[in-house]
Number of protein chains: 2
Amino acid sequence: MGWNISDSGPIWMQLHQQLMQRISAGVYPKGSKLPTVRELAAEAGVNPNTMQRALAQLEADGLVVTNRTAGRTVTEDGEVLARMCRRLARDQIQTYFDGMKRLGFTHQQAVEFVQTWKEEER
Amino acid sequence: MGWNISDSGPIWMQLHQQLMQRISAGVYPKGSKLPTVRELAAEAGVNPNTMQRALAQLEADGLVVTNRTAGRTVTEDGEVLARMCRRLARDQIQTYFDGMKRLGFTHQQAVEFVQTWKEEER
DNA sequence: ATACTTGTATTAAGTTAATAATACAAGGAG
DNA sequence: CTCCTTGTATTATTAACTTAATACAAGTAT
């Protein structure tokens, strides 16, 4: 899964979000070393400053730790990781229900749509 | 349901999206008259120019028709309305599944989360 | 010790979006 | 006809974000 940058909002926030998703999905496992700022920036096609900002936020969240010259690693704190993971999932679900409600659908209808959804249907 | 403006992306796009949601939800029914640009702008707390841009897009979509001096009305074309409504719902569902997949969940898990979700759980 | 890697900070410039303040166009109401 | 409402267009200014180009700080390896 590559980087997905759109013009919807500050790029550093999108990067921050996608970094969390990668950690949640196990792309960067607990305790593992992250690529360097410059590598990540090149990979995502953004300025190092922008990636840095995203990483600084990740650190503020307590999700990664910075070892001055040895790069960054994902936290060893499983509880913090689990909490983030739950929060992201909860946000997805809540966003879905809110969105459907805005379109005039009931909670029940929203559930049914998901149940009957065929993958790869476009 | 009030206006929900965030710093995530161009405001006029957010307004455009939310206007579609309102039409879908029946806040502005088929053939009904919309508030004036200036009213909508005041209501949403944005500049009239910004609201105008959102409405111009709505018209380009064929969802509203403009009567030069008599304001704007929602289209009478039920087919166009239904198509938009379906598209918005499809986008919601697709976005949900994509998001959960990014977090490392399977399709099946995503379905189960929705089924067991309790409303008002925060 | 010296060079290299890595994170961090700074400053300037360029781009885009939003706002503000008007002005114009066109139809309806009195 | 004249005024009012409504949509539309223009121009300038402001603010935010991103990029660019460096420079610095602090460990590690040779």
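To find a chain, count down the sequence lines: A is the first, B the second, and so on, and within it residues start at 1.
Side-chain N or O atoms of A:Gln18 include one that pairs as donor or acceptor with a backbone N or O of A:Asn4 at under 3.5 Å. At least one donor-acceptor pair closer than 3.5 Å links the side chain of B:Tyr96 to the backbone N or O of B:Ala110. A donor-acceptor pair under 3.5 Å links the side-chain atoms of A:Gln14 to the main chain of A:Ser6, judged by distance alone.
With rounding to whole Å, A:Leu55 atom CG is found 8 Å from C:dT8 atom P. As a whole-Å value, the separation of A:Lys33 NZ from D:dT28 C1' is 12 Å. Separating the CZ atom of A:Arg72 from the P atom of D:dA26 is a distance of 16 Å, rounded to the nearest angstrom. Going from atom CD of A:Gln52 over to atom P of D:dA20 covers 16 Å, rounded to whole Å. A:Leu58 has its CG atom 12 Å from the P atom of C:dT8, to the nearest Å. B:Glu39 has its CD atom 11 Å from the P atom of D:dT5, to the nearest Å.
Between A:Phe105 and A:Phe113, the angle of the ring planes goes over 60°, which puts this pair in the perpendicular group of the 30/60° scheme.
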Q) What is the per-nucleotide protein-contact pattern of nucleotides 11-18 of chain C, from the 5' end, where B denotes a base atom under 4.0 Å from a protein heavy atom, S denotes such proximity for sugar-phosphate atoms only, and - denotes neither? A) ------SS

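Of the candidates C:dT8, C:dG27, D:dG7, the closest approach to any side-chain atom of A:Arg68 belongs to C:dT8.
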Using residues 37-46 of chain A as the side-chain source, report each donor-acceptor pair under 3.5 Å to any protein atom, sequence neighbours left out, with the distance given to one decimal.
unit_1: A:Glu39; atom_1: OE1; unit_2: A:Thr36; atom_2: N; d: 3.2
unit_1: A:Glu43; atom_1: OE2; unit_2: A:Trp3; atom_2: NE1; d: 3.0
unit_1: A:Glu43; atom_1: OE2; unit_2: A:Arg22; atom_2: NH1; d: 3.4

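Using a 4.0 Å heavy-atom cutoff across all strands shown, B:Arg38 reaches at least one base atom of the nucleic acid.
The minimum heavy-atom distance between A:Gln92 and B:Leu103, with the atom names listed, is CG-CD1, 4.1 Å.
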